[in-house]
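Remarks on the structure that follows.
Letters A, B, ... are given to chains in the order of the sequence lines, protein chains preceding strands, and every chain is numbered from 1.
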Protein chains: 2
Amino acid sequence: MDINQIAQLAGVSRATVSRYLNDGYVSQEKRAAIARVIKETGYVPSQYAKSLRTGKSNVVGVIIPKINSASVSRMVAGMTTILNEAGYQLLLANTDNDESREVSFLRLFGEKNQVDGIILIATVFTPAHEEVLSGLTLPLVVLNQSHPGKSCVYQNNEGALHDITELALKKGTHPAYIGVHEEDTSAGRMSHRGFLDACREAGVEVPDRAQVVTTSTVDTGYMAAEQILHDYPEVDTIVCATDSIAYGTLTCLQEYGHRVPEDIQVTGIGDGDLSQIVSPTLTTVHPYYKTSGIEAAKMLVGLMNDSDTAQRDIRMGYELVVRNSTR
Amino acid sequence: MDINQIAQLAGVSRATVSRYLNDGYVSQEKRAAIARVIKETGYVPSQYAKSLRTGKSNVVGVIIPKINSASVSRMVAGMTTILNEAGYQLLLANTDNDESREVSFLRLFGEKNQVDGIILIATVFTPAHEEVLSGLTLPLVVLNQSHPGKSCVYQNNEGALHDITELALKKGTHPAYIGVHEEDTSAGRMSHRGFLDACREAGVEVPDRAQVVTTSTVDTGYMAAEQILHDYPEVDTIVCATDSIAYGTLTCLQEYGHRVPEDIQVTGIGDGDLSQIVSPTLTTVHPYYKTSGIEAAKMLVGLMNDSDTAQRDIRMGYELVVRNSTR
DNA sequence: TTGTATGCGTTATCAG
DNA sequence: CTGATAACGCATACAA
């Protein structure tokens with residue numbers, strides 16, 4: 001069922017059918033005839049052919065580290081609405097936390113091929129990333145990290161950790177910090193800086209033994225809290241870089257018989273589903289993940305349409321959610 | 001950068017380059033020459049043209065009700081691994097729980113176009129669904145629901161609820177049930193049946209006021225539990241159709257001063273992340289979501305390759321996870 | 001307002 | 001083993 005058959009059945013040339021499908025510029029009679037034939041046959045134009053001819057696919061490639069994650073799936077949910085509205089489909093590339101796959105997808109999509117634009121939910125930037133990123137002509141938006149020279153949308157981890165630490169220090173005097181690795185992800189670094197700034201402003205000293213680095217899971221959070229309890233027994237406030245770590249910390253404190261928040265305050269970042277369910281409920285920061293996906297998608301649509309849209313950065317806002325794990 | 005330029009640079013015809021890219025059947029010398037040129041130029045074949053010519057896209061359409069959901073994102077994670085291994089990309093279509101969008105995506109993908117196969121994570125089957133489903137020629141796998149005549153992979157909700165109810169009834173005598181709506185989703189109906197069967201086998205009577213229907217959220221779970229407490233005060237066991245409902249129930253019981261599991265047992269279905277964190281930790285059923293995604297993807301790959309693969313159903317297994325919310 | 005002719009980049013057929 | 005050549009289904013410049 002191709003455009004030629006439609007043309008024949010409608011008694012017009014295929015160019016007219018094509019115009020009917022696109023610009024317009026067709027007389028009422030022919031328009032009606034074509035419409036009727038299309039309805040009868042259920043004809044749908046071939047995307048392949050259309051894309052081959054126009055060089056546009058109406059598909060955007062979305063590279064994600066892990067679909068199976070609350071923050072990522074919210075971002076994807078956000079961009080889906082915008083992109084679909086704008087007539088684009090999402091081609092999903094899941095790297096399963098494998099950096100090399102991230103680079104190869106970037107390359108695959110980037111090589112003048114298959115997609116009209118890319119959204120990269122970034123984790124780390126290796127030299128390989130930089131290389132492929134620099135030689136990229138397609139519209140691209142980096143989500144979740146800031147990257148010089150590229151349009152990006154990212155969370156204000158520094159501000160979030162600063163504010164929540166500041167809050168906790170109104171009632172606490174011996175804060176500890178459980179963060180995530182800081183080598184290649186700016187998120188980790190910025191978070192730590194926010195914490196340290198707030199401490200400095202409050203005039204409290206934080207010894208090294210009160211600051212540990214781990215990964216963002218409940219189990220490792222538990223272990224990190226255990227370590228702090230051991231190395232820094234005077235602790236009365238534990239600021240965690242993620243909610244998952246905070247959950248582990250809560251469990252640990254409970255098992256060691258420390259009361260939260262009376263003896264030790266705990267804070268997280270993320271406002272995960274569990275945060276209002278754990279006991280005590282967790283004081284945390286609500287990051288606008290879904291909205292960041294929406295913003296990234298809007299930006300990309302802008303880049304793909306008006307090719308001269310200026311590159312810009314969006315640092316997302318956040319909201320302190322004060323619950324019962326702080327005094 | 002197209003195949004003609006590569007051919008010219010390598011001193012061969014474009015047919016030879018094409019063969020190099022596909023079947024093989026190229027002499028060593030030419031092979032080397034082409035390889036060199038391709039490496040130098042970074043040439044990548046156009047998917048559009050390839051698809052137009054071959055009628056295959058190496059893309060499968062995945063229709064999901066909501067990306068932002070633990071079960072769905074796990075299923076997607078599972079199929080991603082299999083599909084990527086088999087050389088397919090995922091085109092994601094998120095309906096955001098809008099049935100009509102589900103149908104239109106089905107139609108869009110189905111109209112001989114754009115994708116080589118479809119995985120539908122099903123929620124409900126309306127007449128509109130049936131209509132488009134019946135006139136579908138593309139390989140399709142239905143995930144999460146069973147559907148006569150179509151290959152499908154689904155959870156054994158009936159078995160899961162039966163077994164967990166059976167377990168709870170070893171220590172309980174007055175069970176209540178909080179389920180989800182049963183009109184159009186077989187999941188809800190099957191769950192309820194599993195519960196009732198186990199009760200019947202155990203010889204316990206369950207009055208209507210001990211069975212309520214709600215939606216699967218923490219808040220509505222809370223309210224449903226409240227209602228049961230009011231209408232059926234002698235309750236000593238609450239079987240919930242989902243973990244979310246169970247979380248709400250736990251919170252409710254705690255606030256009303258009922259001890260779990262001493263006074264009232266609670267069970268869920270799903271083994272969500274929170275289940276080992278809430279207190280008491282939740283007795284639930286671990287459904288193999290990720291594995292079901294893997295199975296669905298394998299099935300679809302089979303259907304797409306050997307077009308004569310028999311249609312079949314897979315009912316997934318499950319595993320009872322006994323924790324501290326039951327005696 | 002409409003039709004004709006051409007090309008988008010591949011792969012497949014068919015001789016050589 | 002290789003090279004012409006003809007599609008694949010569509011959009012568009014150009015002529016009418």
Side-chain angles (χ1 to χ4, degrees), chain A residues 1-38 41-59 87 89 108-116 137-138, chain B residues 1-38 41-59 87 89 108-116 137-138:
Chain A
M1 187 58 50
D2 68 355
I3 199 173
N4 287 303
Q5 306 185 38
I6 302 299
Q8 194 163 11
L9 289 174
V12 300
S13 79
R14 72 160 175 267
T16 304
V17 177
S18 178
R19 274 189 289 266
Y20 168 85
L21 260 11
N22 301 302
D23 310 284
Y25 234 63
V26 177
S27 70
Q28 284 307 322
E29 317 148 41
K30 311 237 170 194
R31 182 176 295 277
I34 296 171
R36 191 176 51 76
V37 173
I38 287 183
T41 58
Y43 163 73
V44 174
S46 155
Q47 268 298 337
Y48 307 149
K50 184 182 276 198
S51 294
L52 177 59
R53 183 58 226 251
T54 62
K56 308 197 65 41
S57 61
N58 293 326
V59 171
Q89 292 284 337
L108 175 67
F109 288 158
E111 308 291 8
K112 193 76 156 185
N113 217 358
Q114 161 165 6
V115 299
D116 294 344
T137 65
L138 258 73
Chain B
M1 189 58 51
D2 67 355
I3 199 173
N4 287 303
Q5 307 185 37
I6 302 300
Q8 193 164 11
L9 289 174
V12 300
S13 79
R14 74 159 174 270
T16 304
V17 177
S18 178
R19 272 190 290 266
Y20 168 85
L21 261 11
N22 301 301
D23 311 285
Y25 235 62
V26 177
S27 71
Q28 283 308 319
E29 315 149 44
K30 311 235 172 195
R31 182 175 293 277
I34 296 171
R36 191 175 51 75
V37 173
I38 287 183
T41 58
Y43 162 76
V44 175
S46 155
Q47 268 298 337
Y48 306 149
K50 183 180 278 198
S51 294
L52 176 59
R53 184 58 228 247
T54 61
K56 309 199 62 44
S57 61
N58 292 327
V59 171
Q89 293 284 337
L108 174 69
F109 287 158
E111 307 293 6
K112 194 80 157 180
N113 216 359
Q114 160 166 2
V115 299
D116 293 346
T137 66
L138 259 72

Has the side chain of B/R19 got a donor or acceptor that lies under 3.5 Å from a partner of the other kind on the base of D/dG3?
-> yes
Whole-Å gap separating P (C/dG7) and CZ (A/R53) | 10 Å
Side-chain N or O of A/K50 less than 4.0 angstrom from OP1 or OP2 on D/dC8?
-> no
Counting side-chain heavy atoms from C-beta on, which of D/dG9, D/dG3, D/dA11 comes nearest to B/A15?
-> D/dG3
Can you find a side chain N or O atom of A/S13 that sits less than 4.0 Å from OP1 or OP2 on C/dG3?
-> yes
Output yes when a side-chain donor or acceptor of A/N4 lies under 3.5 Å from a complementary backbone atom of A/A7, and no otherwise.
-> no
Phosphate-side-chain proximity, B/T16 and D/dG3, N/O vs OP1/OP2 below 4.0 Å | yes
Can you check whether B/S27 has a side-chain N or O nearer than 4.0 Å to OP1 or OP2 of D/dT2?
-> yes
Select base, sugar-phosphate, or nothing to describe what B/Y20 touches, counting heavy atoms under 4.0 Å on all strands.
-> nothing
Between A/Y25 and C/dG3, is there a side-chain N or O to OP1/OP2 distance below 4.0 Å?
-> no
Does a nitrogen or oxygen in the side chain of A/Y48 sit under 4.0 Å from OP1 or OP2 of D/dA7?
-> no
Given D/dG9, is OP1 or OP2 found less than 4.0 Å from the side-chain N or O atoms of A/S46?
-> no
